[in-house]
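For reference, the structure is listed below as structure tokens.
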Amino acid sequence: MNILLTGFEPFGGEAINPSWEVARALHGQLIAGALVQARCLPTTFADAPAALARALHELRPVMAIALGQASGRSEVSIERVAVNLIDARIADNAGERPQDVPVRADAPAAYFSTLPIKPMRDALRAAALPAGLSLSAGAFVCNQLFFELQHQLAGQGVPSGFIHLPALPEQAARAQPSVPSMGLAAQVDAIRLALAVALAPPTVQPAPDEGAPTS
Ligand code: PCA
């Protein structure tokens, strides 16, 4: 049983990307009986979807989670929805900056995450790891990849979704003005826990009087 965990190569002039640092730190670990298989994706609109397709084909994962960096966010940010829109604010790593085009012309306007996003957020918070839900993965390569992930796995019963990560402290220290950051060890702990909860969500115990007639 494989879990596909993707990260992205550095982009936007950075030398490091927390998403790949976290993914590769978890590569080879067993989580709830499944093996984490990390893959680094190119931060290019042209090549990321095919690289994802190859990884899904090769690994046939039981779950797939993609990670990306979102400088400026202060918490582990569990994305709810991927939109069928590309509107790049900066150039990707191939120098491309597509604007106002769909990810796929023949696909729905949006896909929701199929991960148990609230149990994941709650577990992270309970473990003293700052986490929240996000309603936008942006309109750059991360949103495109998230949309592709949901599209390529649609109807297959494989839970999948996207998590954005804050900058690492060394990135925040160089940014002018500075941005919030989270250390690599905490980010790795957060994603390990998120994977465990996503694979085996805690069962909610019904309250004793739940379902009792109201009259
Ligand atoms: N973050 C970018 C693309 C790659 C990454 O790590 C984004 O949020 O779109």
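Numbering of ligands and ligand atoms starts at 1, following listing order. Positions are given from 1 along the sequence. Because the structure is predicted, anything quoted here is derived from the model rather than measured.
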F45 vs I86 side-chain heavy atoms within contact, under 4.5 Å: yes

pair E58-Q37: side-chain heavy atoms closer than 4.5 Å: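 They are not in side-chain contact.
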
Neighbouring residues of ligand 1, heavy-atom cut-off under 4.0 Å: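 Residues near ligand 1: F8, F11, N17, T43, G68, Q69, F140, V141, C142, H164.
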
N-O pairing of D122 and R125 below 4.0 Å: no

Plane angle bin for F11 and F140 - parallel if under 30°, tilted between 30 and 60°, otherwise perpendicular: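 Rings of F140 and F11: tilted, 30 to 60°.
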
Residues 67-76, side-chain donor-acceptor partners within the protein, below 3.5 Å, at least two apart:
residue, atom, partner, partner atom, Å
Q69, OE1, Q171, NE2, 3.3
Q69, NE2, S71, OG, 2.8
R73, NH1, S77, OG, 2.7
R73, NH1, E79, OE2, 2.7
R73, NH1, S134, OG, 3.2
R73, NH2, S136, O, 2.9

Check: N17/E9 side-chain N/O donor and acceptor closer than 3.5 Å: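 Judged by distance alone, the side chains do not pair up.
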
